[in-house]
S.K.: 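What follows is a single structure, and I will ask about it in a moment.
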Amino acid sequence: MIEQQITDTPRPPTRRARRTGPAVRPVRRTLRQRLAAPGVAGWAVRAPLPVALVLWLVALRGARLDRMGTLGLLQALPLPYWLGLIVITVGFAAALRDTRLPQRWPAAYVLGLITMVHATPSVLYPTLRYAWAWKHIAIVDAVMRHNGTVPNAHELDIYNRWPGFFDLNVLFLRATGLHSALGYASWYPLLANVLLIGPLLLIYRSLTKDRRLIWGGVWLYFATSWVGQDYFAPQAFAYFLFLIVIGLVLRQLAARRAAARPPGAPSQAPAGAPSPAPAAVPGVPGARALSLFTDAPARGGWRLAPFGLLLVLTGAIVTSHPLTPMMLISFLLLLSLPRANRAVVLPVLAAAAGLTLLWDATVARPYLASNISALVGALSSPDRNAVSGFAGLAAAAPAQVMASWVDRGLTATVLLLALAAACRRRWRRTPLPLLLLAPFPLLLANPYGGEMIFRAYLFALPAAAFLIATLIARTPRFPRTGTVVRSVVLLALLAGTLCGYYSKEAINYFTPQEVAAGQYLAQNAPPGSQIVVLTADLPGFELRYEQRVRTVLAQQTVADRRALLADPASTLESTMSDPAVVGPSYLVLTRAQVAECQLTGVFPADTLGKVRLAASGMSTLRPVFANHDAVIYRHVTPVVGTGLFAAHPR
């Protein structure tokens, strides 16, 4: 038998046979076959990322900030920037189709998108972006100077009641020897968005093993996150911690389902439903790294160590931001509705509710007691809490009205697409529908400055992005056509996001001259001074806020604002000669205030010009600082009967 096998084994042809045998002609491949070859296809997926980044760098050199108008940074960025976004989006759509591509490439595309969108203002602007970020810089400075609670904080006392974010920054500044958070606050949007990748992956990997859905959801999150709550603020910090808590809860739910399933038993999920993450199954490689969260018994909920971590994270949320703990409670409450989830979710829900009640009854009690009427009024008029728009004495810029409709259209589109995906059979038994709906009950509780609908959208976005990914990441019958359609959808969503994120940059951007005006006030306005501004869009307006009185004319009653328009000089005189103010009064007028009036319609567009003209003709106002983008007047009091000014003007 062995000899027969050896005999039947084919022998290699002799040299003569190879030389005299029939010639083998190479097969010519078509262009489509050549493009589909592994090496060529791999380069076709990898090349768009560096090309897009090169276009972005070229665009940064050609950006013109002086061209910003009613559409903000959209008017200042040159053509290579938009071409770069198209290239990186098409490249990601192709990478999403190629299942052989290592996961580092979709991750690199996501990082590239975050960089192109969120690093652009940080690179282009020579100063910190956004007036609220400047306010938080001033609060960190005050907490650092007072070693804790800031006295005489007035309307900014709310930050004394939720100080976690500011205390953490003070701790960081003292540990590093820095004197101000201004140095790293400009890059906070980029850092905040990059850090969000971790919690998003934690959430999505607890729902599925399909990397197309995972990275498609991550991309869609950043491609539709237009609300702009990523600047140097407690909201961005608390939101990051919130996603970690939700991710850990979802991971524990998946681990508990896997542990409760008998070995070899089929999954009870419906056909096509997502499988638990690989790390949630005992014995699977990689499970050791997550054993802290996956070794819980089938009937139990949490081990002591991971639950302690959740308590720390929840405590940081509760002490840093008033809205995020309520969102966390709402999410956990809905996740606890399915009976199978309660062993995991109810302990976390009890901890979140208990910590929130304890904090609100002690540290936050003074603020809540003084604002109880407003909170009750919000509960009695839920219809107004979901509405946000322009509210001023003049019409907003038409371009801003258009951008506002784009924002709302994008929000509605994202939520409708997510609802359509949630209604599919394979996702009904997952936590996704609950995560999508959880933020919206809070619309009935508080208007949150007229933007609660957008905060609810922000908290619903992780679930919405993943659900939309289930619609567009499917492999169609014609893959190339699917890539084109996928690219068009992604580009349309990204265009809406950029419209919302960049269209108000004429207000958010501050020139060095405007920053110089804020620094002049910080250095020269003595304690007890009054700072009067047309709108609050001023960098450094809140510096040393516990020592000064701040008056924003745009935030006064409608009657007072109309009086300002009718007679600017008389209104300025009565405001700046207030006998209750013990120090001098300063009037500050800047370029950004003009932009805010023009874009939002809070005042007619020419109001600042009229106020400046009136101020220049008043004998009691003297200019003490002026440059191309800002002017500061100081109020002086004439001595009665002499016509002379007091030697020590107030």
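Here the structure is a predicted model, which is why all the values come from computation and not from measurement. Only heavy atoms go into these numbers, but all of them, side chains included; no hydrogens, no water, no symmetry mates.
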S.K.: Return the set of residues passing ring-ring contact (aromatic ring centres under 6.0 Å, His included) with Y239 (not counting sequence neighbours), or none when no residue passes.
M.R.: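 If we apply the ring-ring contact (aromatic ring centres under 6.0 Å, His included) test to Y239, skipping adjacent residues, the hits are F459.
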
S.K.: Please identify which of these residues, Y184, F165, F166, meets the ring-ring contact (aromatic ring centres under 6.0 Å, His included) condition with F172.
M.R.: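 By the ring-ring contact (aromatic ring centres under 6.0 Å, His included) criterion, F172 pairs with just one of Y184, F165, F166: Y184.
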
S.K.: Passes side-chain contact (heavy atoms from CB on, under 4.5 Å), F232 versus L128? Steps please.
M.R.: CA-CA 10 Å; F232 184 72; L128 178 63; 5.7 Å; no

S.K.: Quick check: F222 with H118 (ring centres under 6.0 Å apart)?
M.R.: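 No; F222 has its ring centre 6.0 Å or more from that of H118.
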
S.K.: Is the side chain of N627 donor-acceptor paired with the backbone N or O of Q513 at a distance under 3.5 Å, no angle test?
M.R.: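 Checking the backbone N and O of Q513 against the side chain of N627, a donor-acceptor pair under 3.5 Å is found.
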
S.K.: Can a side-chain donor-acceptor contact be found between W226 and T411 if the only test is distance below 3.5 angstrom?
M.R.: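 The answer is yes; a qualifying pair exists.
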
S.K.: Testing the basics here: between T470 and L213, what is the closest heavy-atom pair and its distance to 0.1 Å?
M.R.: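 Here T470 and L213 meet closest at CA-CD2, 3.6 Å.
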
S.K.: Any side-chain heavy-atom pair from V45 and W105 closer than 4.5 angstrom?
M.R.: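 They are not in side-chain contact.
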
S.K.: Mind checking whether W215 and Y204 have ring centres under 6.0 Å apart?
M.R.: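 Centroid separation for W215 and Y204: 6.0 Å or greater.
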
S.K.: Got a sec: does the CH2 of W132 have more than 12 other heavy atoms crowding it under 6.0 Å?
M.R.: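 At most 12 heavy atoms, drawn from other residues, nucleotides or ligands, come within 6.0 Å of this atom.
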
S.K.: With sequence neighbours left out, what residues match R550 under salt bridge (Lys or Arg N to Asp or Glu O under 4.0 Å)?
M.R.: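 Counting only residues at least two positions away or on another chain, R550 forms a salt bridge (Lys or Arg N to Asp or Glu O under 4.0 Å) with E155.
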
S.K.: Between the side chain of Q598 and the main-chain N/O of V594, is any donor-acceptor distance below 3.5 Å?
M.R.: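 Not at all, since once roles are kept as given, no pair shorter than 3.5 Å links the two residues.
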
S.K.: So, H321 side chain and I317 main chain: donor-acceptor pair closer than 3.5 Å or not?
M.R.: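 Checking the backbone N and O of I317 against the side chain of H321, no donor-acceptor pair under 3.5 Å is found.
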
